[in-house]
Amino acid sequence: MKKVLAIIFALMIFSAQVNFVDAAEMGKPATPVESSKVFPKDLEKNLNYRGTVTINAIVNAEGKVIKTVIMRSSGRPKVDKIAMEAAAKWEFEPAVDEDGKPMEVWYMINFKAVDF
C-alpha cells in the first residue's frame, strides 16, 4: 500500500510540474465560462460536509472537460464523487498556445463548502 501511495504522490508531483511547463508556454490559460459553473450544492446540507475537494480537470481544445481526477480528497467517497460530477459539467474558454492555437490543459477546481 505504501508503494502505491508513493507512486501516486510521485505522479501528482510530475503532473504539477508538467502543468507548470504548459502554463509557461501558453498564450492564454483556460477560463471557466461563468454560466457553466456547476457547484455541488447538496454537499453541505445533505451530507453534513464542510471542507474542500480539489479536482484536476483535463480541458480539451474545445473547452470541454474530458477527464477529472481527485487531487485532494474529502476523505469521503460520496463527497468526492459529487465534486467530480460537478467538475465534469464545467465549460471553458479554451487555453491557447503562443501562436493562438487552442490546446488541451489541466485546470484545478477547488470546491469549498462555503461556496455552495
Side-chain angles (χ1 to χ4, degrees):
M1 181 66 174
K2 287 183 181 181
K3 286 183 181 181
V4 172
L5 291 175
I7 291 170
I8 291 171
F9 182 73
L11 290 173
M12 287 170 41
I13 291 171
F14 176 75
S15 174
Q17 291 171 347
V18 170
N19 292 340
F20 180 75
V21 171
D22 285 348
E25 294 173 358
M26 288 189 323
K28 178 182 80 95
T31 308
V33 175
E34 286 296 320
S35 62
S36 77
K37 285 185 176 180
V38 177
F39 293 96
K41 298 185 183 305
D42 60 343
L43 288 184
E44 193 171 323
K45 184 170 47 169
N46 294 340
L47 297 175
N48 195 27
Y49 174 72
R50 301 215 192 307
T52 302
V53 179
T54 302
I55 306 291
N56 256 0
I58 298 177
V59 179
N60 69 14
E62 288 80 40
K64 305 286 185 204
V65 174
I66 58 173
K67 183 177 181 176
T68 57
V69 178
I70 294 182
M71 295 306 291
R72 180 177 176 209
S73 174
S74 65
R76 298 170 67 185
K78 188 170 185 178
V79 170
D80 293 348
K81 182 180 181 217
I82 291 169
M84 284 183 59
E85 289 171 353
K89 295 176 185 174
W90 282 36
E91 293 180 20
F92 294 80
E93 291 293 327
V96 295
D97 63 17
E98 293 174 335
D99 299 324
K101 181 179 174 186
M103 60 188 279
E104 185 175 283
V105 294
W106 283 92
Y107 188 88
M108 187 179 296
I109 302 172
N110 288 306
F111 289 116
K112 298 177 184 174
V114 295
D115 293 338
F116 312 155

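- The aromatic rings of Phe111 and Trp90 stand perpendicular to each other, their planes meeting at an angle above 60°, with 30° marking the opposite boundary.
- Side-chain atoms of Asp99 do not come within 3.5 Å of backbone N or O of Lys101 as any donor-acceptor pair.
- Scanning all heavy atoms of the two residues, the minimum distance from Glu104 to Ile66 falls at OE1-CD1, 3.4 Å.
- For Met103 against Val96, the heavy-atom pair with the smallest separation is SD-C, 3.8 Å.
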Side chain to side chain contact (heavy atoms under 4.5 Å, CB included) evaluation trace for Ile55 with Ile70: CA-CA 5 Å; Ile55 306 291; Ile70 294 182; 3.8 Å; yes
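- For the atom pair Met84 CE and Asn56 CG, the distance stands at 10.5 Å (nearest 0.5 Å).
- Rounding to the nearest 0.5 Å gives a distance of 8.0 Å between CZ of Arg72 and CG of Asn110.
- Linking Ile, Leu, Val, Met, Phe, Trp and Tyr residues whenever their side-chain heavy atoms come within less than 4.5 Å places Phe92 and Val38 in a single cluster.
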Trace of the salt bridge (Lys or Arg N to Asp or Glu O under 4.0 Å) decision for Glu85 with Lys81: CA-CA 6 Å; Glu85 289 171 353; Lys81 182 180 181 217; 3.6 Å; yes
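- The two residues Tyr107 and Pro32 have their closest heavy-atom pair at OH-CG, 3.2 Å.
- Of the possible donor and acceptor atoms, one in the side chain of Asp80 sits under 3.5 Å from a partner among the backbone N and O of Ser74.
- Linking ILVMFWY side-chain heavy atoms closer than 4.5 Å, directly or via other members, places Val33 and Val59 in two distinct hydrophobic clusters.
- Looking at heavy atoms from C-beta onward, Ile58 lies out of side-chain contact with Val65 at the 4.5 angstrom threshold.
- Residues meeting the salt bridge (charged side-chain N to carboxylate O under 4.0 Å, His left out) test with Lys67, sequence neighbours left out: none.
- Within a 6.0 Å radius of NZ in Lys89, no more than 12 heavy atoms belonging to other residues, nucleotides or ligands are found.
- Closest non-hydrogen pair, Gly63 versus Pro94, comes out as N-CG, 3.9 Å.
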